[in-house]
Amino acid sequence: MKNANTAVKNNFRVIEGDNTKQFADNGDLQKLPVMKSIKEMVELTGLSYMHLRNLCLENKIVHIRAGKKYLINYNRFCDYLNGIG
């Protein structure tokens, strides 16, 4: 039985829909955070890799660690650069 939101493309089952939203505890929809690696942030901001890594190590910016990789919350980083929060 096929789900209405799935399609088969190139022999792979693809779930179609908006994956940028999730349900909160109160039932409201909220956006998932946009997480970028340090290398992606270097390309987006022009800041050095070591500077961004040091900000993560000093817990000055919102990030998570996935193994060895640091993932920075892009929207919160923009707030940090603008002096908000």
Side-chain angles (χ1 to χ4, degrees):
M1 183 175 194
K2 261 189 191 178
N3 188 346
N5 293 333
T6 63
V8 177
K9 296 179 183 177
N10 297 331
N11 294 327
F12 293 102
R13 183 172 292 183
V14 179
I15 299 173
E16 296 176 347
D18 187 8
N19 63 354
T20 61
K21 297 184 188 247
Q22 67 180 7
F23 283 101
D25 289 338
N26 59 3
D28 293 334
L29 290 174
Q30 68 183 43
K31 284 188 174 184
L32 292 173
V34 178
M35 305 300 283
K36 304 276 184 185
S37 69
I38 293 178
K39 288 183 181 181
E40 291 173 319
M41 293 299 285
V42 166
E43 294 173 7
L44 289 170
T45 63
L47 296 172
S48 73
Y49 182 91
M50 286 307 295
H51 181 67
L52 289 168
R53 184 175 178 274
N54 286 336
L55 288 174
C56 291
L57 291 173
E58 296 168 1
N59 288 324
K60 291 188 176 181
I61 58 175
V62 178
H63 70 282
I64 60 168
R65 219 173 138 189
K68 292 182 181 180
K69 186 182 267 189
Y70 289 92
L71 298 174
I72 300 170
N73 185 321
Y74 180 72
N75 296 327
R76 299 285 298 270
F77 183 72
C78 291
D79 292 343
Y80 171 80
L81 290 178
N82 290 321
I84 302 170

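Excluded from the calculations below are hydrogen atoms, water molecules and symmetry mates; all remaining heavy atoms, backbone and side chain alike, are included.
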- prompt: Hydrophobic cluster mates of Val62, side-chain heavy atoms under 4.5 angstrom, ILVMFWY only, any path?
  reply: none
task: Give a yes or no on whether Met41 and Ile64 share a hydrophobic cluster (residues Ile, Leu, Val, Met, Phe, Trp, Tyr; joining criterion: side-chain heavy atoms under 4.5 Å apart).
output: no
- line: Correct closest heavy-atom pair for Ile61 and His63 would be O-ND1, 3.1 Å
message: Rounded to the nearest 0.5 Å, what separates atom CD1 in Ile38 from atom CG in Leu47?
response: 11.5 Å
- request: Decide whether Tyr49 and Phe77 are clustered together by the hydrophobic rule: side chain heavy atoms of Ile, Leu, Val, Met, Phe, Trp, Tyr closer than 4.5 Å, transitively.
  value: yes
Can I get a per-line list of side-chain donor-acceptor pairs under 3.5 Å for residues 65-75, giving both atom names and the distance, sequence neighbours left out?
from, atom 1, to, atom 2, distance (Å)
Arg65, NE, Gly67, O, 3.2
Asn73, OD1, Asn75, N, 3.2
Asn73, OD1, Arg76, N, 3.2

- request: If a pair satisfies salt bridge (Lys or Arg N to Asp or Glu O under 4.0 Å) and one of its residues is in residues 48-62, list it, with sequence neighbours excluded.
  value: Glu58-Lys60
- prompt: If every non-hydrogen atom of Met35 is compared with every non-hydrogen atom of Glu40, which pair is closest and at what distance?
  reply: O-OE1, 4.4 Å
query: Between Met50 and Tyr80, is there a shared hydrophobic cluster once you connect ILVMFWY residues whose side-chain heavy atoms come closer than 4.5 Å?
result: yes
- request: Verify the cluster assignment for Val42 and Leu81: are they in a single hydrophobic cluster under the rule of side-chain heavy atoms below 4.5 Å apart?
  value: yes
